[in-house]
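Below is one structure; the comments refer to it alone.
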Amino acid sequence: MKDNEIRTRLAPSPTGDPHVGTAYQALFGYVWAKKNNGSFILRIEDTDRERSSRESEKAIIDSLKWLGLEWDEGPEIGGPYGPYRQSERLEIYHEYINRLVAEGNAYPCFCSREHLADVRKERQKAGSSSGYDRKCRDIPPKEAAKRVEAGEEFTIRMKIPLEGTCVFEDLLRGKIEKDWASIDDQVIMKADGFPTYHLAVVVDDHLMKISHIIRGEEWINSVPKHVLLYEFFGWEPPVFCHLPLLRNTDKSKLSKRKNPVSINWYRKTGILPEALLNFVGMMGWHLSDDREKFSLQEMVDNFMLEDISLGGPVFNVDKLLWLNGRYIREDFSTDELLERLVEWGLNREHFRKILEICKGRMSCLSDWGELTGHFFSGRISLSKEELLLKDMDDTETSEILQIILWELEKLDSFSKENIYSLFKGLSEKLDIKLKYLTQPLYIAISGNAVSTPLFDTMDILGSDISRTRIRCAIEELGDLSKKRLKLLEKKYDSLFGDS
RNA sequence: GACCCCAUCGUCUAGCGGUUAGGACACUGGCCUUUCACGCCGGCAACACGGGUUCGAUCCCCGUUGGGGUCGCCA
């Protein structure tokens with residue numbers, strides 16, 4: 001490998017559904033690497049033991065493959081700088097953490113979470129932008145070592161300079177300055193021995209010879225910490241390039257509460273991977289002529305990182321649909337499209353699952369059409385009247401649906417059984433008979449009060465489509481006001497606890 | 001609240017000191033057509049504001065405003 005090879009990476013943390021923001025960063029990283037005959041690396045950042053899961057990792061890998069973004073090095077396929085899963089690199093991190101401590105650039109912190117929470121609250125109230133009082137920073141190393149030896153629980157924090165300014169360069173924005181005083185002594189190793197993002201990302205990006213860090217804007221504020229680590233280690237930092245954040249219609253950071261954000265949702269509603277890639281590619285970037293439809297290869301050929309525009313683009317599903325339609329109309333013969341359609345949902349396995357729950361409701365084969373329409377459509381038409389819960393008005397129904405939505409979001413596996421017990425629990429807590437509680441759901445999910453069994457249907461449709469349909473139903477009933485939503489959230493938290 | 005980032009039609013964007021400020025989505029008028037859709041032709045619609053710099057500012061600088069992000073033993 002050449003020393004000046006362009007190497008980019010995608011570093012998702014496997015803590016949920018594959019996100020379109022991940023696809024966005026993946027695309028730009030991929031395209032930049034390929035444009036320069038470089039390498040694109042996939043690294044799994046699973047240092048959060050609580051939330052990371054192999055299922056999520058699989059889902060992310062699967063959706064990236066579906067999109068057609070191939071990586072040169074990564075878990076499974078390996079590469080010269082592996083392993084490519086951070087949970088398998090613990091010894092490496094410890095080596096570097098020890099070095100930082102030995103050289104006086106990091107120190108053990110014995111503060112309890114409670115103490116930290118209190119301090120943070122106090123300082124925040126006092127208008128400070130940092131939240132830690134550096135209580136353990138000046139414990140003599142010998143004493144600290146003793147306490148560690150004695151088995152006291154500790155984390156490791158890095159020593160941020162007390163004064164001065166950190167200046168660094170962002171490829172798109174130029175010089176960015178930030179006072180060290182506004183930055184906390186960041187924890188770099190947690191009590192469970194796992195590194196935090198900040199340490200792991202710096203060590204890995206260096207060891208994996210990453211030349212350009214292409215990631216979301218939400219990381220800008222932590223660059224100084226990273227820059228400092230590079231300095232501590234005596235390493236040359238890579239080029240930083242922070243992409244603008246994809247937005248909801250209200251301009252806030254794209255979130256699943258307000259928008260479908262799962263790549264799988266787009267896949268299941270029948271968006272073609274080339275269209276999704278193309279669409280995401282025009283968020284902040286464009287071909288030099290007016291063409292809006294372009295292939296991955298065309299993007300690779302013409303891409304320049306510095307051409308990215310910085311306004312946070314709104315992810316506009318309408319335009320995506322238009323683009324997708326162009327692909328369908330312009331790029332496929334009827335036979336080719338049939339291929340895609342079968343692959344998407346007209347295959348035997350899928351049909352069979354549906355037939356299983358329809359069989360009992362069929363008196364002739366042609367009932368199939370009416371009975372299963374909701375499995376093959378994106379948006380379904382709803383009638384507001386039918387949507388209402390027994391003895392409730394639209395706002396009340398809306399609130400119940402919202403609670404259901406929040407509960408569904410917490411579900412880690414969207415299976416029939418889980419959905420059933422979720423509703424059973426809700427029915428008890430809300431004191432609404434299960435059959436009344438589920439009734440509006442039949443309308444929301446299948447568009448009809450007479451339909452396939454709810455929990456099976458949701459299971460087959462999957463979490464993304466199901467949740468979107470419920471969200472649509474809430475919309476149909478008239479969105480809840482901000483005030484009501486807040487009140488409801490409070491009530492919900494007290495009723496169901498947070499998390 | 002503190003800090004950081006950003007700012008052209010409702011939305012995605014072109015523009016990089018002199019333009020009737022261009023294209024696309026959405027909306028809309030018409031044509032095509034057995035309907036619808038597609039397609040084609042047209043319309044509506046933007047430089048956030050205030051100061052500089054300049055012969056001249058959408059463009060450069062400063063401020064204001066607005067929006068967003070970050071302030072975790074999450075990434």
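Note on naming: letters A, B, ... go to the chains in the order of the sequence lines (proteins, then strands), and numbering restarts at 1 for each one.
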Determine: side-chain N/O of [X] to OP1/OP2 of [N], distance under 4.0 Å, yes or no.
{"X": "A:H286", "N": "B:U13", "answer": "no"}
{"X": "A:T47", "N": "B:A75", "answer": "yes"}
{"X": "A:K253", "N": "B:C5", "answer": "no"}
{"X": "A:K178", "N": "B:C5", "answer": "no"}
{"X": "A:R291", "N": "B:U13", "answer": "no"}

Look at all strands and tell whether [X] reaches a base, only sugar-phosphate, or nothing, counting heavy atoms closer than 4.0 Å.
{"X": "A:R247", "answer": "sugar-phosphate"}
{"X": "A:E292", "answer": "base"}
{"X": "A:T249", "answer": "nothing"}
{"X": "A:C111", "answer": "base"}
{"X": "A:W285", "answer": "nothing"}
{"X": "A:L321", "answer": "nothing"}
{"X": "A:E177", "answer": "sugar-phosphate"}

Looking at the side chain of [X], which of [options] is the nearest nucleotide?
{"X": "A:E218", "options": "B:U13, B:U70, B:C74", "result": "B:U70"}
{"X": "A:D184", "options": "B:A24, B:C71, B:A75", "result": "B:C71"}
{"X": "A:D48", "options": "B:A75, B:C3, B:C73", "result": "B:A75"}

- Message: Can you tell whether the side chains of A:R89 and A:E45 come within less than 4.0 Å, N to carboxylate O?
- Response: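 The answer is no: the pair does not qualify as a salt bridge.
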- Under 4.0 Å between a Lys/Arg side-chain N and an Asp/Glu carboxylate O for A:K319 and A:E292?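 Looking at A:K319 and A:E292, the cut-off is met.
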- Message: Is it the case that the base of B:A24 and the side chain of A:K319 share a donor-acceptor contact (distance under 3.5 Å, atom types as modelled)?
- Response: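 Check passes, donor-acceptor contact within cut-off.
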- Using a 4.0 Å cut-off on protein heavy atoms (strictly under), produce a 5'-to-3' string for nucleotides 33-41 of chain B with B for base contact, S for backbone-only sugar-phosphate contact, and - for none. -----SS--
- Are A:F28 and A:F303 an aromatic pair by the rule of ring centers under 6.0 Å? yes
- Item | Ring centroid separation A:W219 to A:H242 under 6.0 Å | no
- Item | Most 5' of A:V187 and A:N316 on RNA chain B, judged by nearest nucleotide | A:N316
- Would you kindly compare A:M189 and A:D179 by the position of their nearest RNA chain B nucleotide and give the one closer to the 5′ end? A:D179
Is [X] close enough and on-axis enough to [Y], meaning under 6.0 Å and within 45°, for cation-pi?
{"X": "A:R147", "Y": "A:F110", "result": "yes"}
{"X": "A:K293", "Y": "A:Y327", "result": "yes"}
{"X": "A:R157", "Y": "A:Y132", "result": "yes"}

Using the [atom1] atom in both, what is the distance from [N] to [M], to the nearest Å?
{"N": "B:G50", "M": "B:C32", "atom1": "P", "answer": "48 Å"}
{"N": "B:G68", "M": "B:U28", "atom1": "C1'", "answer": "32 Å"}
{"N": "B:C6", "M": "B:A45", "atom1": "P", "answer": "31 Å"}
{"N": "B:C5", "M": "B:C62", "atom1": "P", "answer": "12 Å"}

- Could you tell me which residues satisfy salt bridge (charged side-chain N to carboxylate O under 4.0 Å, His left out) with A:D318, sequence neighbours excluded, listed by chain and number? none
